[in-house]
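Take a look at the structure set out below.
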Protein chains: 2
Amino acid sequence: MLRRPLNNYISVDCVIFGYNGQELQVLLVDRTLIDNSTGQPEFTDLTLTGNHIYEDETIEQAAYRVLFDLTGLKNVFLDQFKTFAHPDRLKKENDRKWLLHDGRDPDKRIVSIGYFALLATQNITLEWKGRNVKWVSVSEVGELAFDHNQILEEALIALRNKIKQEPIGFELLPEKFSLTQLQNIYEVILSTELDKRNFRKKIARMKYLIPTDEKQTGVSHKPARLYVFSREVYEKTKKELFDFTV
Amino acid sequence: MLRRPLNNYISVDCVIFGYNGQELQVLLVDRTLIDNSTGQPEFTDLTLTGNHIYEDETIEQAAYRVLFDLTGLKNVFLDQFKTFAHPDRLKKENDRKWLLHDGRDPDKRIVSIGYFALLATQNITLEWKGRNVKWVSVSEVGELAFDHNQILEEALIALRNKIKQEPIGFELLPEKFSLTQLQNIYEVILSTELDKRNFRKKIARMKYLIPTDEKQTGVSHKPARLYVFSREVYEKTKKELFDFTV
DNA sequence: TAATTAAGTGTAAAATCAACACTAACTATG
DNA sequence: CATAGTTAGTGTTGATTTTACACTTAATTA
């Protein structure tokens, strides 16, 4: 079956966040532009991952497709956070070359619907289907093509807001994890330090954190107990919170 | 100057919330489809407000333009909350007739970028520029055209989340307001009841609420003191909150 | 001037937050 | 095999915030 893009000028961009146990990372695509005449690489740019939306799929399905094509994973946490359509968003010199090379009119607008995804880095086999993708620490991301630095920035804001409201830290961890790992995720995302005892007291109040009998292995210190997140308990116990905080 | 739509199939939809002192309302457009052959009205549908995006404007500018055209107001609170693009979102019979009548292909997708706006109903002169718009209580909205019921639903969710985080209740009130009015806004939006004394204690801790010397007039009971919201104080005192609540 | 209506105000018990330091369990090394 | 190194794990106290709860005040209207 032939699937045509719904419209060349609408796409999804996925900010795929990963956590490797130390730092928050983002999955970037390394694109090299081949000069059509010489066949030589002209320049290389880093971009977020993204794609067109096909006629027969929802935007959410398009975002899941991008994720699956790059990581081989389904059932990934995914959240739409903002749509970008500034008329000048593609005015960098290299961006224009890219679009021309891609057969698109660089003076037309691209409306880009932003999603962010969360996954545990260790689950991923990269270079999936020949694409040249890599994890980059969020704190070390340099200049990206198009307006992707801005999109990443907004994704981070959305991620911070989300993690303050809902227990999505687990999405960045393997199924079994230690409390220190979980705390580290909050610290990294919120750029703050948390008190170990207070954090544990607070998280313990949430019933959805289930201790297992297993412990860390292969560490040269006291091994941590491993926990799992119970989505069932979470769904049961979540109640509307009326912290109209400000 | 000729302004052409950026793309017929991308639009902004504005969920314009208003508050009249009692209930939360939404501004709806009453559209009557005139049969091209007979010149007679074929049917009437209610929709949210919306429009195309022009080539030379940002989506945010397009949303402000929609707002201004309908209400004559600038400087309105406006927030992008979600983009809608389900392939089947325009499959109702009347929706198709409308799009045909409008010169559009009803089988093509319309990507609609949702904004919600907040304003005090009493500031508004309706029927602006001949458009047939009206306030409808949010709790009494019936079936809308297209997928506008779903968009309204998501706008309400976004509004509830927002008001729990930021002091935007003031946007629904005239410049000077009583504490009871403010409390009522929280109660209406969050569908809950709040204790008067506790609400006042909490809101008093926020320094941005400035009492004036004025009192309500024309009420047949003890008149309430009027307050104003100080944006300056708010900007100064807001600090990052680390309530990773859940 | 009495009735009606909504405004405005305080306290006490319970829950949560914030600050803070030591012991336990494992590995690696000498 | 003893020691050093490393991270896990745990409780208390004072300050702040939340929750629950009822009466007096100031205006209008009858």
Side-chain angles (χ1 to χ4, degrees), chain A residues 20-23 164-165 167 169 173-174 176-188 190 192-207 209-228 237-246, chain B residues 20-23 164-165 167 169 173-174 176-188 190 192-207 209-228 237-246:
Chain A
N20 60 1
Q22 258 86 54
E23 51 186 18
K164 285 192 232 168
Q165 303 294 120
L173 288 170
K176 292 170 184 171
F177 52 86
S178 72
L179 295 184
T180 302
Q181 288 175 313
L182 185 61
Q183 181 180 339
N184 189 240
I185 284 191
Y186 281 93
E187 292 181 332
V188 166
L190 298 175
T192 187
E193 293 198 356
L194 299 171
D195 180 88
K196 192 171 22 161
R197 280 175 288 192
N198 292 341
F199 177 82
R200 282 162 189 242
K201 250 180 297 174
K202 179 154 191 166
I203 209 81
R205 242 178 283 140
M206 313 299 153
K207 310 297 190 190
L209 199 63
I210 316 288
T212 71
D213 290 334
E214 292 177 59
K215 289 178 196 289
Q216 263 180 331
T217 54
V219 290
S220 73
H221 54 78
K222 176 170 176 179
R225 176 178 296 278
L226 300 181
Y227 291 75
V228 294
T237 58
K238 79 173 161 187
K239 46 186 183 293
E240 271 320 315
L241 313 155
F242 296 123
D243 4 301
F244 49 105
T245 311
V246 184
Chain B
N20 60 1
Q22 257 88 53
E23 50 186 16
K164 286 192 230 168
Q165 303 295 119
L173 288 170
K176 292 170 185 172
F177 52 87
S178 72
L179 294 185
T180 301
Q181 287 175 314
L182 185 61
Q183 179 180 341
N184 189 241
I185 283 192
Y186 281 93
E187 292 181 332
V188 166
L190 297 175
T192 186
E193 293 198 356
L194 299 172
D195 181 89
K196 194 179 8 172
R197 280 175 289 191
N198 293 342
F199 177 82
R200 282 160 190 243
K201 249 181 298 173
K202 179 155 193 168
I203 210 80
R205 242 178 282 136
M206 314 299 153
K207 309 298 187 190
L209 200 63
I210 316 289
T212 70
D213 290 336
E214 293 179 57
K215 290 179 194 292
Q216 264 180 330
T217 54
V219 290
S220 75
H221 53 77
K222 177 172 175 177
R225 176 177 296 277
L226 300 181
Y227 290 75
V228 294
T237 58
K238 80 173 159 188
K239 47 185 184 293
E240 271 320 315
L241 313 155
F242 296 123
D243 5 298
F244 49 105
T245 311
V246 183

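So that the names make sense, note that chain A is the first sequence line, chain B the second, and so on, each numbered from 1. Small disclaimer: the values here were computed from a predicted structure and weren't measured.
Checking dA26(D), dA7(C), dC21(D) against every side-chain atom of Asp195(B), the shortest atom distance belongs to dC21(D). Listed nucleotides dA8(D), dA6(C), dG11(D) differ in distance to Thr180(A); the shortest reach to its side chain belongs to dA8(D). When distances run from any side-chain atom of Lys222(A) to the nucleotides dA27(D), dA19(C), dA8(D), the shortest one goes to dA8(D). With dT7(D), dT27(C), dT5(C) as the candidates, the nucleotide lying closest to the side chain of Ser220(A) is dT27(C). Taking every side-chain heavy atom of His221(B) into account, dT5(C) is the closest of dG8(C), dA26(D), dT5(C).
Atom pair Leu179(B):CG and dT25(D):C1' shows a separation of 16 Å (rounding to whole Å applied). With rounding to whole Å, Leu194(A) atom CG is found 12 Å from dC17(C) atom P. For Asn198(B) and dT9(C), the CG to P distance is 14 Å, given to the nearest whole Å. Distance, Leu226(B) CG to dA26(D) P: 17 Å, rounded to whole Å. As a whole-Å value, the separation of Leu182(B) CG from dG8(C) P is 13 Å. Atom CD of Glu214(A) and atom C1' of dA8(D) are 17 Å apart (whole Å). Atoms CZ (Phe199(B)) and P (dA7(C)) sit 12 Å apart, rounded to a whole Å. As rounded to whole Å, 12 Å separates atom P of dG8(C) from atom CG of Leu209(B).
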### Query
What do the steps show when you test Lys164(A) against Gln165(B) for side chain to side chain contact (heavy atoms under 4.5 Å, CB included), and what is the final call?
CA-CA 11 Å; Lys164(A) 285 192 232 168; Gln165(B) 303 295 119; 5.8 Å; no
### Query
Going through the distances and angles, do Gln183(A) and Ile203(A) end up as a side chain to side chain contact (heavy atoms under 4.5 Å, CB included)?
CA-CA 9 Å; Gln183(A) 181 180 339; Ile203(A) 209 81; over 6 Å; no
### Task
Output, in order, the C-alpha distance, side-chain angles, deciding distance and verdict of side chain to side chain contact (heavy atoms under 4.5 Å, CB included) for Thr180(A) and Phe199(A).
CA-CA 10 Å; Thr180(A) 302; Phe199(A) 177 82; over 6 Å; no
### Task
Show your reasoning for whether side chain to side chain contact (heavy atoms under 4.5 Å, CB included) applies to Glu187(B) and Asn184(B).
CA-CA 5 Å; Glu187(B) 292 181 332; Asn184(B) 189 241; 3.9 Å; yes
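Within the structure, a side-chain polar atom (N or O) of Arg200(B) is placed less than 4.0 Å from OP1 or OP2 of dG8(C).
Using modelled atom types, one side-chain atom of Asn20(A) and one backbone atom of Glu23(A) make a donor-acceptor pair closer than 3.5 Å.
Between the side chain of Lys201(A) and the base of dT12(D), a donor-acceptor pair under 3.5 Å is found. A donor N or O paired with an acceptor N or O is found under 3.5 Å between the base of dA21(C) and the side-chain atoms of Arg197(A).
Between Arg205(B) and Lys196(A), it is Lys196(A) whose nearest contact on DNA chain D lies nearer the 5' terminus. Toward the 5′ end of DNA chain C lies the nearest nucleotide of Gln181(B), the other residue of the pair Gln181(B) and Lys215(A) mapping further downstream.
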